[in-house]
Amino acid sequence: MPESTQSRSVSAYLTGDSIRSALLHVFLYGLAFLMAVPYLYTISRSFQPNELLRDPRPYWIPPLVGEPITFEHYQYLLDNTLVVQWTINTFIIAGGATILIVAIDSMIAFSLTRLDWPGQGAVMGIILASFMVPYYMNIVPLYQIVSNLGLINSYWGVIMPAAASPLGVFLLYQFFRDIPVEYEEAARLDGFSTFQVYTRIILPLAKPILSALALFMFVYNWNAFLWPLLVLSSETAYTLPIGLVNLYQGNIDTPGLHMAVAILGSLPLFVIYLLFQGQIVRAVQMQGATG
């Protein structure tokens, strides 16, 4: 290939857009690596024996002498704590609250955007006003209600109050309102009832935003601490955040155990995010296009 032709092909490839795109990718990958550094350090330290952990020199990569890698911290958690039971409890509570939130809030948002009944504006105003009320102001009356219902130290005592979340209604209200009304009109011409319009038209179209809402609510309820701490009194009923905090207090001189606890506490959320990240991206794209 002649030198002039080769230089033209290189100059055509190195356009301004390609250079900007390359710099943007370098910046984003570098930023992602910086954000991953604490997690990589935590993973590395969780597999190091106590001798290396007590060394004043921090080891990112254990030296290849002695016993550089150990599973004793994870083995201790599995054999001497209720971490498995706490994880099961947290899955039940976070999953149950998420299912209720998605089901109830989608029905409320559908009624506010697709049905005509008196007082819709007032109900929506109350939902928006509830954002201005601090959560901690409702803890005492909410605890009294749960106690009177006999739900202390039970899954339902944590799940039912968590299901009363105005955030889901607000997000779904914005999304449902942007769905073209022609879809509903065509469905009603085909003989669809209101419930069929909701289940067979609105919900399938809203799958991305429902998946994103489910993920947000699951993470929020997974990490919830104060309310489960008030309601759950027995150690076997603890959620993972409560159990791990109690575990911290009794093992203040074991940094490797703390690292293993952090990994086990965040691993389920990481896996769930990987499973739903496509739905989250589509929800953001659709909301941006319709907004």
Side-chain angles (χ1 to χ4, degrees), residues 38-39 42 77 81-106 108 127-128 130-172 209-250 258 260-277 279-280 283:
Y39 300 99
T42 302
L77 289 176
T81 68
L82 298 174
V83 65
V84 176
Q85 181 63 43
W86 297 338
T87 304
I88 295 174
N89 295 340
T90 311
F91 263 113
I92 294 175
I93 291 174
T98 301
I99 292 174
L100 283 180
I101 289 172
V102 172
I104 295 175
D105 290 0
S106 63
I108 297 175
I127 293 174
L128 294 177
S130 64
F131 283 103
M132 296 182 290
V133 179
Y135 171 75
Y136 302 100
M137 292 183 61
N138 299 324
I139 286 183
V140 174
L142 190 60
Y143 182 84
Q144 292 178 340
I145 294 173
V146 171
S147 178
N148 293 334
L149 293 175
L151 299 178
I152 297 297
N153 200 37
S154 68
Y155 292 148
W156 285 111
V158 183
I159 292 175
M160 293 182 65
S165 172
L167 177 62
V169 177
F170 179 74
L171 292 177
L172 296 178
I209 192 64
L210 291 174
S211 300
L213 175 62
L215 179 61
F216 296 152
M217 291 296 101
F218 186 88
V219 172
Y220 176 81
N221 287 283
W222 179 279
N223 294 324
F225 183 82
L226 180 59
W227 180 247
L229 179 64
L230 295 175
V231 175
L232 304 175
S233 56
S234 64
E235 187 177 5
T236 57
Y238 282 170
T239 59
L240 195 59
I242 301 174
L244 296 184
V245 167
N246 289 339
L247 192 61
Y248 274 132
Q249 296 175 354
H258 294 178
V261 163
I263 295 299
L264 290 180
S266 59
L267 183 60
L269 295 181
F270 178 73
V271 173
I272 290 174
Y273 176 78
L274 290 180
L275 295 177
F276 286 93
Q277 62 175 340
Q279 297 289 345
I280 296 176

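As a basis for the values below, the full set of heavy atoms in this structure was taken, side chains included, without hydrogen atoms, waters or symmetry mates. In this text, all values refer to a predicted model and were calculated from it rather than measured experimentally.
Atoms OG1 and CD1, from Thr87 and Ile92 in turn, are 11.0 Å apart once rounded to the nearest 0.5 Å. Of the inter-residue distances, the one linking Asn153 atom CG with Leu232 atom CG reads 6.0 Å to the nearest 0.5 angstrom. If you take CG on Asn223 and OG1 on Thr90, they are separated by 9.5 Å, rounding to the nearest 0.5 Å. Expressed to the nearest 0.5 Å, how far OG1 of Thr239 lies from CG of Asn221 amounts to 10.5 Å.
Of all heavy-atom pairs between Val158 and Trp227, the closest is CA-NE1, 3.7 Å. For the residue pair Ile93 and Ile159, the shortest heavy atom distance occurs at O-CG1, 3.7 Å. Considering every non-hydrogen atom in both Ala163 and Asp105, the closest pair reads O-OD1, 4.4 Å. Considering all non-hydrogen atoms of both residues, Ile152 and Tyr143 come closest at CD1-CE1, 3.6 Å. The nearest pair of heavy atoms linking Pro161 to Trp156 is CD-O, 3.9 Å. Minimum interatomic distance between Trp86 and Leu244 (heavy atoms only, all atoms of both residues): CZ3-N, 4.1 Å.
In this structure, Trp222 and Phe91 have perpendicular ring planes: the angle between them is above 60°, well past the 30° mark.
Between the side chains of Gln144 and Asn148, no donor-acceptor pair is found at a separation under 3.5 Å.
Heavy-atom contacts from other residues, nucleotides or ligands closer than 6.0 Å to CZ of Phe225 number more than 12. Atom OH of Tyr220 is surrounded by 12 or fewer heavy atoms from other residues, nucleotides or ligands within 6.0 Å. Within 6.0 Å of CZ on Phe170 lie no more than 12 heavy atoms contributed by other residues, nucleotides or ligands.
Under the 4.5 Å side-chain criterion, counting only non-hydrogen atoms from C-beta, Leu151 is not in contact with Val231. Side-chain contact between Met217 and Leu167 is present, with at least one heavy-atom pair separated by less than 4.5 Å. Between Tyr238 and Leu82 there is no side-chain heavy-atom pair separated by less than 4.5 Å. Side-chain contact check for Ile209 versus Leu213: every heavy-atom pair is 4.5 Å or farther apart. Two residues are said to be in side-chain contact when any heavy atoms from C-beta on lie closer than 4.5 Å; Asn89 and Leu240 fail this criterion.
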With side chain to side chain contact (heavy atoms under 4.5 Å, CB included) as the test, would you mind laying out the steps for Ile108 and Ile127 before giving the verdict? CA-CA 11 Å; Ile108 297 175; Ile127 293 174; 4.3 Å; yes
